[in-house]
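Only one structure is covered here, and it is reproduced in the block below.
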There are 2 protein chains.
Amino acid sequence: MTNEALLDSCAFNAYGLVPAIAQQHDTGEVLMMAWMNAESVAETLATGRVCYWSRSRGELWRKGETSGHVQRLVEMCLDCDGDTLLLQVDQTGPACHTNRRSCFYRAVRSGVLVTIAEPEA
Amino acid sequence: MTNEALLDSCAFNAYGLVPAIAQQHDTGEVLMMAWMNAESVAETLATGRVCYWSRSRGELWRKGETSGHVQRLVEMCLDCDGDTLLLQVDQTGPACHTNRRSCFYRAVRSGVLVTIAEPEA
């Protein structure tokens, strides 16, 4: 798959990165948000396996490479001003390093931040 | 509503901002991604109307203030490392300035970036 059209339209920030939202394609659950550089976008489109850029490690982050919790790419979307990606994925197991399905497991309720999802067994 | 618990747990970046993903609460559609500072987070929790920080204008951006396309906050969630918000919202009309429901109206298909949603009538 060529991806020049996407990369030309993608507005990477001053660090060469763009935020990427991962959404489970069939349930609509938002799983996580991470960052991609041009190389990780190209690899993701080429392989169909989602690859981010780890800002903390400063290297490509092939999601699930050690945990097995991979994300198969179903569709990659770009927003109106080209500075955010939405990845429709098929997530194997939990997306979060806390072993929860989604990283967004805390919510503000009655003014308090509460845990709304537990780790998977 | 107090919101100190959230603000204490929220890891704003070097510019005092955090990305916020807006998702239609009942359909699961991801509508947009924008940025919030502490003031806009506090206002959103206090009023129940979503208020972002406009990086281009350098001011609070009360979503829909001129267009009427407001976002009512249903729930505010925080991710595992505290640096991304997920807003469950009820969106009036289109979320995108192009008059589309979602800002993510372009997708990579067969290596080409194509438009997958048209503006609302």
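Lettering of chains follows the sequences in order, A, B, ..., and the numbering in each one begins at 1.
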Group every Ile, Leu, Val, Met, Phe, Trp and Tyr by side-chain heavy-atom contacts under 4.5 Å, then state whether [X] and [Y] land in the same group.
| X | Y | answer |
| --- | --- | --- |
| A/M76 | A/W61 | yes |
| B/L6 | B/V89 | yes |
| A/W53 | A/L45 | no |
| B/L7 | B/L73 | yes |
| B/L87 | B/V70 | no |

**Message:** Would you compute the distance between atom CD of B/Q88 and atom CZ of A/F104 and round it to the nearest 0.5 angstrom?
**Reply:**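 With rounding to 0.5 Å, CD (B/Q88) is 10.0 Å from CZ (A/F104).
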
| In terms of heavy-atom pairs under 4.5 Å, which option from B/S9, B/G82, B/C80 contacts chain A the most? |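 The answer is B/C80.
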
The interface call for B/I116 against chain A, heavy-atom contacts under 4.5 Å, is side chain

Taking every heavy atom of A/D83 against every heavy atom of B/R55, the minimum-distance pair comes out as OD2-NH2, 3.4 Å

Proximal to chain B - members of residues 27-39 of chain A, heavy-atom separation under 4.5 Å: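 If one takes a 4.5 Å heavy-atom cut-off, the residues of residues 27-39 of chain A near chain B are A/G28, A/V30, A/M33, A/W35.
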
Residues 94-101 of chain A vs chain B, non-hydrogen distance cutoff under 4.5 Å, contacting residues -> A/C96, A/H97, A/T98

Legend entry - Among A/D81, A/L113, A/L78, residue most engaged with chain B (heavy-atom pairs, under 4.5 Å):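 Most pairs with chain B among the choices: A/L78.
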
Taking C-beta and beyond as the side chain, do B/Q23 and A/I21 meet within less than 4.5 Å on heavy atoms?
->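 SC-SC contact between B/Q23 and A/I21 ruled out.
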
